[in-house]
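What follows is a single structure, written as structure tokens, with notes after it.
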Amino acid sequence: MNTVRVRFAPSPTGYLHVGGARTALFNWLFARQHRGVFVLRIEDTDLARSTEEATQAILDSLEYLGLDWDEGPRKGGSFGPYFQSERLHLYRQYVEKLMEQGRAYKCYCTPEELDQRREEQIKRGEATHYDRHCLHLSPEERAQYEAEGRSYAIRFKALDEGVTEVDDLIRGKVRFDNTAQVDDFVIVKSDGMPTYNFAVVVDDALMGITHVIRGEDHLSNTPKQIQIYQALGFPVPQFAHIPMILGSDRALLSKRHGATSVMQFKEDGYLPAAMVNYLALLGWSYDDAQTIFSIPELVEKFSLEKVSKNPAVFDMQKLEWMNGVYIRELTLEELLAEVLPFWQKAGFVPGEITPELKGYCLRILKELQPRMKLLAEAVELARYFFTDDYQYNQEAVAKVLTKPRTEEILQYLAEVVAGAQELQEEELKPLFKQGMEKFGVKMGDLMQPLRVAVTGTNVSPGIYEVLALLGRERVLERIERTIKMLKERS
RNA sequence: GCCCCCAUCGUCUAGCGGCCUAGGACAUCGCCCUCUCACGGCGAAGACACCGGUUCAAAUCCGGUUGGGGGUGCCA
């Protein structure tokens with residue numbers, strides 16, 4: 001039985017975005033399900049745009065998502081090197097082979113000349129194909145170009161008749177007319193670096209890749225690659241082209257649609273399991289009922305056959321909802337571990353926390369858990385639990401602290417709190433009810449002013465829980481402070 | 001321009017000729033719970049792009065139109 005070998009091959013020209021992450025995920029799921037090998041290869045043949053930082057960011061992003069690779073950077077493997085820039089000797093070897101076979105030739109045309117001829121072709125309504133100017137060079141012309149010191153690229157001599165068929169696992173058989181669709185494309189740039197369409201074939205073949213799972217943007221280039229496989233005598237792998245991810249305006253997802261960098265999602269507080277679950281559902285589905293899938297479950301249930309053919313719009317709201325679902329599934333201990341870095345960064349808690357402080361944090365999280373969609377929200381939601389240095393929300397003040405007898409009510413509540421044995425619902429509720437009667441108001445008319453007084457906002461967990469968490473001293477202090485503020489205002 | 005892919009609620013999708021007066025999820029709206037906000041529960045509204053065929057029967061098959069996406073690069 002042949003082992004499944006798949007790969008994710010990003011180019012380190014920027015951060016890993018959600019589209020790339022989804023491609024990596026589908027490859028990873030496929031590999032894990034088939035107990036195959038997931039290879040990570042860095043396609044850094046674009047000298048001008050590739051950076052070391054981008055490579056690191058991509059690796060970090062994959063690790064955050066939990067998409068571990070079996071071969072590749074930081075890991076090694078017996079099919080390396082895993083950076084294309086270190087595989088130049090291999091490409092050179094296969095270029096020579098093609099040249100010897102007469103399937104590749106030097107092209108001295110300049111970019112300017114090429115552009116000009118391309119425009120003329122469009123003007124004439126023709127397909128924009130290389131006109132094979134340099135394939136038919138006479139020895140004299142060649143010598144002339146060499147004498148001029150022109151640099152050259154190397155082009156693949158494509159088939160000029162028949163069709164090349166791509167047998168795609170998701171789209172079925174797709175036929176491309178060789179005459180109309182595949183021209184003599186460049187395989188080695190004038191700087192000596194291989195182009196994508198060439199390097200990808202050599203690498204996938206040499207690395208024993210059995211299934212090429214990648215974005216649909218690569219479908220149109222696949223016939224070119226198949227011709228290379230055939231010219232070099234390599235077995236052609238199985239292809240699976242997955243649909244693109246679009247923004248809300250149905251244009252290809254990009255930075256201008258907001259957060260698209262995987263690391264940004266990490267910083268905003270998305271749980272890896274939620275990201276993976278959401279990404280899996282972008283282009284794949286299982287049945288008509290299930291939307292929440294654990295990672296092991298995805299490994300078990302994923303299949304290329306169920307991958308959709310149409311592009312998917314990235315829906316941030318659904319991702320947020322899903323993240324909330326995953327947050328609610330965590331134990332408080334687990335949630336604390338996730339939230340702690342955010343609270344530390346905000347200066348709420350020190351790097352090392354005492355058991356006592358930890359207990360306090362857990363009690364806070366118990367209240368926050370059903371209210372959180374993002375881990376980062378835990379900072380603003382918990383601010384008044386950790387510091388007195390918070391602002392009154394002015395809308396809240398205007399809405400609930402401007403009623404006639406507010407100061408009296410707050411004064412009454414302060415007395416209740418001061419006199420209570422313990423700040424808990426059982427004891428407080430009857431006293432609050434007495435207040436209702438005393439002032440002839442509804443429960444909300446007591447609780448909302450109290451809420452704004454002790455939290456600065458009109459939105460918080462249940463007031464009894466908030467009071468218990470804050471403790472008598474802070475509650476009284478804050479009520480006093482609020483009354484003072486109201487007096488100064490009037 | 002030329003080539004390729006795609007087309008079910010606003011969004012992600014189920015559906016692979018009769019089970020569909022089209023199912024689920026997010027979002028929206030309403031009700032319940034209730035001290036606010038969430039969570040949770042219940043309910044509503046909401047789609048087969050269009051036109052032709054094939055068939056006893058089409059969201060499902062075929063053709064066309066329209067629309068969207070991709071490719072066409074000495075980027076990947």
Side-chain angles (χ1 to χ4, degrees), chain A residues 9-13 43-46 48-50 84 107 109-111 114-115 118-119 121-129 151-155 166 168 170-171 174-177 180-183 185-191 193 195-197 199-200 215-223 241 243-244 246 248 250-252 278 281-292 306 308-322 324 328 367-373 381 396 399-400 429 432 442-448 450-452 455 457-464:
Chain A
S11 65
T13 54
E43 308 215 328
D44 55 352
T45 52
D46 185 341
R49 298 195 302 145
S50 297
Q84 288 188 329
C107 172
C109 299
T110 65
L114 261 15
D115 282 348
R118 210 178 344 256
E119 270 172 48
Q121 286 172 328
I122 290 176
K123 213 171 288 177
R124 278 181 262 129
E126 295 169 8
T128 54
H129 285 168
S151 58
Y152 61 85
I154 297 175
R155 286 182 184 273
V166 179
D168 192 276
I170 294 168
R171 277 147 227 284
V174 183
R175 297 161 68 84
F176 294 85
D177 187 302
Q181 190 58 185
V182 185
D183 72 343
F185 57 99
V186 170
I187 56 176
V188 178
K189 304 179 235 177
S190 51
D191 65 2
M193 296 298 272
T195 59
Y196 167 74
N197 281 129
V200 74
E216 198 202 321
D217 48 340
H218 292 288
L219 181 57
S220 292
N221 282 323
T222 307
H241 288 93
M244 306 307 289
L246 313 178
S248 48
R250 301 214 135 258
L252 208 58
Y278 179 72
L281 255 25
L282 222 46
W284 174 84
S285 64
Y286 182 63
D287 59 16
D288 66 344
Q290 191 174 358
T291 47
I292 300 298
K306 296 276 292 179
S308 140
K309 294 186 182 71
N310 29 357
V313 172
F314 190 83
D315 183 358
M316 191 71 88
Q317 280 185 313
K318 190 161 183 175
L319 207 211
E320 282 186 11
W321 163 80
M322 195 169 277
R328 274 169 250 129
E367 302 308 321
L368 262 31
Q369 189 173 39
R371 278 161 255 260
M372 285 170 58
K373 281 198 167 75
L381 289 175
K399 197 168 168 190
V400 310
K429 198 166 193 176
F432 282 11
K442 289 183 291 187
M443 196 59 124
D445 295 320
L446 256 59
M447 295 201 165
Q448 282 299 79
L450 179 56
R451 171 171 282 116
V452 176
T455 71
T457 85
N458 57 346
V459 174
S460 84
I463 195 66
Y464 301 114

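Protein chains get the first letters and strands the later ones, always in sequence-line order, with residue 1 at the start of each.
- Atom pair A:His129:NE2 and B:G71:P shows a separation of 15 Å (rounding to whole Å applied).
- Base pairing annotation: B:C9 forms no Watson-Crick or G-U wobble pair, as no partner gives both donor-acceptor distances under 3.5 Å.
- Using a 4.0 Å heavy-atom criterion, one finds that A:Glu43 contacts the sugar-phosphate atoms exclusively.
- The residue A:Thr45 sits close only to the backbone: its heavy atoms come under 4.0 Å of sugar-phosphate atoms, none of a base.
- With rounding to whole Å, A:Glu320 atom CD is found 9 Å from B:A27 atom P.
- Residue contacts shown for A:Asn221 include a base, since a base heavy atom lies under 4.0 Å away.
- A:Gln317 places none of its side-chain heavy atoms less than 4.5 Å from the side chain of A:Lys373.
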Apply the test side chain to side chain donor-acceptor pair (under 3.5 Å) to residues A:Asn197 and A:Thr195: give CA-CA distance (whole Å), side-chain angles for both, the deciding distance (0.1 Å), then the verdict. CA-CA 6 Å; A:Asn197 281 129; A:Thr195 59; 5.7 Å; no

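- Scanning all heavy atoms of the two residues, the minimum distance from A:Asp44 to A:Gln84 falls at OD1-N, 3.2 Å.
- The pairing partner recorded for B:G43 is B:C29, the criterion being a Watson-Crick or G-U wobble arrangement whose two distances lie under 3.5 angstrom.
- A:Ser11 comes within contact range of the sugar-phosphate backbone alone, with a heavy-atom separation under 4.0 Å but no base atom that close.
- Atom CG of A:Asp315 and atom P of B:G10 are 14 Å apart (whole Å).
- A:Ser460 comes within contact range of at least one nucleobase, with a heavy-atom separation under 4.0 Å.
- The partner of B:C50 is B:G64, judged by Watson-Crick or G-U wobble contacts that both fall below 3.5 Å.
- Within the 4.0 angstrom heavy-atom criterion, base atoms lie near A:Ile463.
- With salt bridges taken as basic N to acidic carboxylate O contacts below 4.0 Å, none links A:Lys442 and A:Asp445.
- To the nearest angstrom, P of B:G10 lies 20 Å from CH2 of A:Trp321.
- Contact annotation for A:Thr291: backbone-only contact, meaning every heavy-atom pair under 4.0 Å involves sugar-phosphate atoms and none involves a base.
- For B:U21, there is no paired nucleotide, since no Watson-Crick or G-U wobble pair has both relevant distances below 3.5 Å.
- As judged by a 4.0 angstrom heavy-atom cut-off over every strand, A:Asp46 is placed among residues touching the sugar-phosphate backbone only.
- Within the nucleic acid shown, A:Leu446 has no heavy atom closer than 4.0 Å to any nucleic acid atom.
- Residue A:Tyr464 places its OH atom among more than 12 non-hydrogen atoms of other residues, nucleotides or ligands, all under 6.0 Å distant.
- On the C1' atoms, B:C5 is 22 Å away from B:A14, given to the nearest whole Å.
- Counting non-hydrogen atoms under 4.0 angstrom, A:Pro223 reaches nothing in the nucleic acid.
- Among the heavy atoms of the strands lying under 4.0 Å from A:Thr195 are primed sugar atoms or P, OP1, OP2 only; no base atom is included.
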Begin with the C-alpha distance, continue with both residues' side-chain angles, and end with the deciding distance and a verdict on side chain to side chain donor-acceptor pair (under 3.5 Å) for A:Arg118 and A:Gln121. CA-CA 5 Å; A:Arg118 210 178 344 256; A:Gln121 286 172 328; over 6 Å; no

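- With hydrogens and angles left out, the side chain of A:Arg371 and the base of B:C39 share no donor-acceptor pair within 3.5 Å.
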Atom pairs under 3.5 Å, N or O on each side, protein against nucleotides 64-66 of chain B: can you list them with distances?
none

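- Base-pair partner of B:U36: not found among the strands shown (Watson-Crick or G-U wobble, both distances under 3.5 Å).
- Looking at heavy-atom distances under 4.0 Å, A:Lys429 makes no contact with the nucleic acid at all.
- Looking at heavy atoms from C-beta onward, A:Thr222 lies out of side-chain contact with A:Phe176 at the 4.5 angstrom threshold.
- Note: NZ (A:Lys309) to C1' (B:C16) measures 9 Å, nearest angstrom.
- B:G70 and B:C75: their C1' atoms are spaced 15 Å apart (whole Å).
- B:U55 makes up no base pair with any nucleotide shown, lacking Watson-Crick or G-U wobble contacts both under 3.5 Å.
- The CD atom of A:Glu320 lies 14.0 Å from the NZ atom of A:Lys318; values are rounded to the nearest 0.5 Å.
- At the phosphate of B:A14, OP1 or OP2 sits under 4.0 Å from a side-chain N or O atom of A:Ser285.
- Taking atom P on both nucleotides, B:G67 is separated from B:A49 by 16 Å, rounded to a whole Å.
- At the heavy-atom level, A:Arg124 lies nowhere under 4.0 Å from the strands shown.
- Minimum heavy-atom separation, A:Asp168 to A:Ile170: OD1-N, 2.8 Å.
- Contact annotation: A:Arg250 side-chain N/O to B:A7 OP1/OP2 distance is not under 4.0 Å.
- Taking the C1' atom of each, B:G15 and B:C9 are spaced 14 Å apart, rounded to whole Å.
- In the displayed structure, A:Arg328 atom CZ is contacted under 6.0 Å by more than 12 heavy atoms of other residues, nucleotides or ligands.
- Using P as the reference atom, B:A25 and B:A44 are 12 Å apart when rounded to the nearest Å.
- With a cut-off of 3.5 Å on both Watson-Crick or G-U wobble distances, the partner of B:C74 is given as none.
- Here A:Gly125 lies in heavy-atom contact (under 4.0 Å) with sugar-phosphate atoms only.
- Spacing between atom CZ of A:Phe176 and atom C1' of B:G70 amounts to 10 Å, rounded to whole angstrom units.
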